[in-house]
Amino acid sequence: MSLRVYNTLSGEKETFVPQVPGKAGMYVCGVTVYDYCHIGHARANVVFDIIYRYLRYAGYDVTYVRNYTDIDDKIINRANQEGVDYRVITERFIRAFDEDMERLGLAKPTVEPKATEHIDGIIAIIERLIAKGHAYESDGDVYFAVETFPEYLKLSKRNLEEMQAGARVEVGDRKRNPMDFALWKGSKPGEPWWEAPWGKGRPGWHIECSAMSMRFLGETFDIHGGGKDLVFPHHENEIAQSEAANGCRFVRYWLHNGFVNINAEKMSKSLGNFFTIREVLERFDPETLRFFILSAHYRSPIDFSDQNLDEARAGLERIYACLAAIDAVLAGTAVTGELPTGFSPASAGHELKEKAELFKDRFRDAMDDDFNSAQALGAVFETVRVANRFLAEAREMDASARALLARVRELIAEVGGVLGLFGSSPKAWLDGINAAGAGRMDISPEEIERLIVERNEARKARDFRRGDEIRDMLLEKGIQLLDSAQGTTWKAK
RNA sequence: GGCGGCGUAGCCAAGUGGUAAGGCAGAGGUCUGCAAAACCUUUAUUCAGCGGUUCAAAUCCGCUCGCCGCCUCCA
C-alpha cells in the first residue's frame, strides 16, 4: 500500500507522489518568537515531526524546513513593552522554543531559517510581484492586489465578494481593496528596518514563508504544513504571492493539524485559556504529552485535560512495564534476532510470533493512511497484550522464547523511533514517573524502602496485622506496593 | 449570515461500502495470608435522530437536532 495524505486543497485523501521520485520537500510554518510556546504549538510540531520521521522511514530523502518568524508586530510590541531591542526578545524565545522541542523529543529539521536572514529574497519576490502588476506601493507600504490573482481563496474555499462585504474598514487605509494584504510595511520611528526600494521597512507576515520555502525547496515543493488556523489568511496569501510571482504551482499537498481544546473549546491566546509547554511539563512527563498527542489522529481536535493526560500516562506506563519485563528476561543473554519456530499453535508463543510477523505491516498500513498514529498505537497495544500473556505463561525462557521476545522488543523500538516514543530505558522511565509522583508526596523514597523492609520482616514472622498496617499507611500517602516473586517494589499512585 | 468540520460504550479513540481496533475506568476469575500489581475473561446487535440508495451503510445521499472551527493575531 502506498502513502495517502489528506490535502486541504482538494479536500480529499490523495496518493502521495513526490515531485522528484525518492525525495520529499516539506515546509512547516514555525513560530513567531514573541512568547513561550503553548501546547497547541507542541501538537503542531509533534505532528509534523512524526510526518517527517515517517517519510524518512518510508525511504524518502526528506528536506524539512521549519522557520522562525523573528520579525513581526507582536515582537516589536513586546520589545517596546520591555524597552529592549527586538532581538533580545527573539533570541530569548528562539532559545525557549529549542529547549521545549528538545524536551518533547523532536528531530531537528534539515534547515531552520529565520525570516530576518532572508530579507533579500523577500525583496526580490516583492519586486517581481510589482513588476508583474500583482502588487503596488502605497505610501512606503507594499500590498498584494488580491483581485489580480483569480485563484485567490482556493485553499480556504471562500468567496472574495462576501469577504469584502464583511471586511473591517481600517482607519487611514492605504489599500485599494480591503482584502489586499501587506508584503512590506514602512517602518515607524524606533522600529527595526531594512533598506528596500520602497524605503526603510520590514516584511509583512506571510511573505517570509514564500521566500524561505522557495530558497530551500524551490518554486514548487511537496508538502506544506501548519495548524488549521493558518489556512486563512496565512497560507492563502502564501499561495497568492508565490504563484503570482513564479507563475507555477506553489505546493502539491497542504496538510493541516487540528486544534488543542480546553474543555471542548479552542485554546488560544485571545481567549487566554492556554497552557505553555513548560507549565504542562512541570506536571507531566514529556513523553506522556507526546503520547497523548499521538493517541488521536492529527486532524481531529484533542481535548486537553488532566484526566486525559493521566490516561495517556497509564497507557504509556503499560507499554513501558511490558518492555521492562522483556528487558529483565533478556538481560545478559545474547540473542540471535532470528524468529524462532516451534511454538505450538495454541500457545501464547505462537500468537506472539504471529503478531511479530504482522506488526510492521500493520504499522505501515496505519501510517500510510494519512499518518494514523492512533491506529498504529493500537497495534502496539495488541502486541503488548500478547507479549504480557507470553511472559505470564512461559515456564522457562529458553533460547527460542528469548529470541522471540528480542524480536518483539526490536520491533517496538523500531516503530518507537518513528513515533518518537519508547526511546527511554523502560526501567529508568518507570522509575522517573515514580520519583515524580513521590516528589508530590510527603515521604521520601528512603523512608518507603525502610518501611518495605519492615513490612517484609513482619510478614515473614506472619505478623500480617503489622504488615498490612504499613501497606495501608503507605497507600494513604499515595504509595502503592507491588509484591512479586522478585521482591517488593512500589509506585506512586 | 457565509464556508468547513464533528457527533462511535461511563470516558478517550480508530474504523469512510462487506458486517464495530485499541486504551482508561468497571465486573468476574487466576495469583495472594488478605490485598494491590500482572495475566485471563467480559463490557456497543450497534455508530446523534429520521428517511433514501444498495445484495450489503457507522461509512454514500437528503433532512432534522446538537457541538465546534474559520471568516480578526493565532499551531
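Each chain gets a letter, A, B and so on, in the order the sequences are listed, and its residues count up from 1. Model, not experiment: these values are computed from the prediction.
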Can you tell me the base-pairing partner of rA44(B)? Count Watson-Crick or G-U wobble geometry only, both distances below 3.5 Å, and say none if there is no partner. none

From the options rC74(B), rA75(B), rG2(B), select the nucleotide whose nearest atom is closest to the side chain of Met267(A). rA75(B)

With rounding to the closest Å, how many angstrom separate the P atoms on rU16(B) and rU30(B)? 41 Å

Just wondering, more than 12 heavy atoms not from Lys427(A) lying within 6.0 Å of its NZ? no

At under 4.0 Å between heavy atoms, what does Lys74(A) touch on the DNA or RNA strands: base, sugar-phosphate, or nothing? sugar-phosphate

Measuring only the P atom in each nucleotide, how far is rG15(B) from rC55(B)? A whole number of Å is fine. 28 Å

Do Tyr6(A) and Glu14(A) get their side chains close enough for a donor-acceptor pair, meaning under 3.5 Å? no

Can you identify which nucleotide, out of rG2(B), rG15(B), rA38(B), has its nearest atom closest to the Asn388(A) side chain? rA38(B)

Determine the contact category for Ala374(A): base if any of its heavy atoms lies under 4.0 Å from a base atom, sugar-phosphate if only primed atoms, P, OP1 or OP2 are that close, otherwise nothing. base

Ignoring hydrogens and angles, answer whether the base of rA36(B) and the side-chain atoms of Arg471(A) contain a donor-acceptor pair closer than 3.5 Å. no

Examine the base of rG33(B) for any acceptor or donor lying under 3.5 Å from a partner atom in the side chain of Arg459(A), and report the outcome as yes or no. yes

Phe291(A) and Ile319(A), any side-chain heavy atoms less than 4.5 Å apart: yes

I'd like the C1' distance from rC68(B) over to rG62(B), given in whole Å. 23 Å

Does rA9(B) pair with anything, Watson-Crick or G-U wobble, both distances under 3.5 Å, and if so, with which nucleotide? none

Using a heavy-atom cut-off of under 4.0 Å over every strand shown, decide if Arg43(A) touches base, sugar-phosphate, or nothing. nothing

By nearest-nucleotide position on RNA chain B, the 5'-leaning member of Ala296(A) and Thr32(A) is Ala296(A)

Interatomic distance at P, rA58(B) relative to rG1(B), whole Å: 32 Å

OP1, OP2 of rA14(B) versus side-chain N and O of Ser300(A): anything below 4.0 Å? yes

Can you tell me the distance, in whole Å, between the CG atom of Leu474(A) and the P atom of rA37(B)? 16 Å

Candidate nucleotides rC70(B), rG23(B), rC73(B), ranked by approach to the side chain of Arg385(A) - the nearest: rG23(B)

rA37(B) OP1/OP2 closer than 4.0 Å to side-chain N/O of Trp490(A): no

Can you check whether Phe259(A)'s main-chain N or O pairs, donor with acceptor, with Arg43(A)'s side chain at less than 3.5 Å? yes

Quick one: look up who rC3(B) pairs with, Watson-Crick or G-U, both distances under 3.5 Å, and put none if it's unpaired. rG69(B)

Does rG18(B) pair with anything, Watson-Crick or G-U wobble, both distances under 3.5 Å, and if so, with which nucleotide? rC55(B)

With a 4.0 Å cut-off on heavy atoms, is Asp483(A) in touch with a base, just the backbone sugar-phosphate, or nothing at all? base

Is there aromatic stacking of Phe381(A) on rG23(B) here, judged by a ring-centre distance under 5.5 Å and a plane angle under 30°? no

Can you find a side-chain donor-acceptor pair between Ser2(A) and Thr15(A) that sits under 3.5 Å? no

Closest listed nucleotide, where the reference is the side chain of His38(A) and the choices are rA75(B), rG33(B), rA14(B): rA75(B)

Over 12 foreign heavy atoms within 6.0 Å of NZ, Lys188(A): no

Could you check whether Leu481(A) gets within reach of a base, just the sugar-phosphate, or nothing at all, counting any heavy atom under 4.0 Å? base

Suppose you measure atom P in rC50(B) against the same atom in rA9(B); what distance do you get, rounded to whole Å? 16 Å

rC60(B) versus rG4(B) - spacing of their P atoms, nearest Å: 16 Å

Whole-Å distance between rC24(B) C1' and Asp303(A) CG? 15 Å

When you compare the side chains of Tyr68(A) and Asp98(A), does any donor N or O come within less than 3.5 Å of an acceptor on the partner? yes

Is the phosphate of rC70(B) approached by Lys266(A) (side-chain N or O, under 4.0 Å from OP1 or OP2)? yes

Counting side-chain heavy atoms from CB outward, which of rC70(B), rA75(B), rC24(B) is closest to Asn257(A)? rA75(B)

Quick note, Arg455(A) side chain, CB onward, closest among rA21(B), rC34(B), rA75(B) is rC34(B)

rA44(B) versus rA20(B) - spacing of their P atoms, nearest Å: 12 Å

Quick one: label Phe232(A) by what it contacts on the DNA or RNA (base, sugar-phosphate, nothing), any heavy atom closer than 4.0 Å. sugar-phosphate

Identify whether any heavy atom of Gly258(A) sits under 4.0 Å from a base atom; if not, whether one sits that close to sugar-phosphate; answer base, sugar-phosphate or nothing. base

Report yes if a donor N or O on one partner sits less than 3.5 Å from an acceptor N or O on the other, where the partners are the side chain of Asp468(A) and the base of rG33(B); otherwise report no. yes

Counting the atoms with a prime plus P, OP1 and OP2 as sugar-phosphate, which does Gly227(A) contact under 4.0 Å by heavy atoms, base, sugar-phosphate, or nothing? sugar-phosphate

Short side-chain N/O contact to rC12(B) OP1/OP2 from Asn308(A), under 4.0 Å: no

Arg318(A) side-chain N/O to rG23(B) phosphate OP1/OP2 under 4.0 Å: yes

For Glu102(A), does the CD atom sit with more than 12 other heavy atoms under 6.0 Å from it, leaving out its own atoms? no

Any base atoms under 4.0 Å from Thr489(A), or only sugar-phosphate, or nothing? Heavy atoms, all strands. nothing

Considering every strand shown, what is the Watson-Crick or G-U wobble mate of rC63(B) when both distances are under 3.5 Å? rG49(B)

Using a 4.0 Å heavy-atom cut-off across all strands, classify Val47(A) as base, sugar-phosphate, or nothing. nothing

Looking at Asn372(A), I'd like to know whether one of its side-chain N or O atoms comes within less than 4.0 Å of OP1 or OP2 on rG15(B). yes

Name the pairing partner of rC39(B), where a pair is Watson-Crick or G-U wobble with both distances under 3.5 Å, or state none. rG29(B)

Distance-only donor-acceptor test (3.5 Å): side chain Glu311(A), base rG23(B): yes

For Arg389(A) and rG29(B), what is the distance between atoms CZ and P respectively, to the nearest whole Å? 20 Å

Is there a donor-acceptor contact under 3.5 Å linking the side chains of Trp429(A) and Asp285(A)? yes

Provide the distance between the two C1' atoms, one in rG26(B) and one in rC65(B), to the nearest whole Å. 31 Å

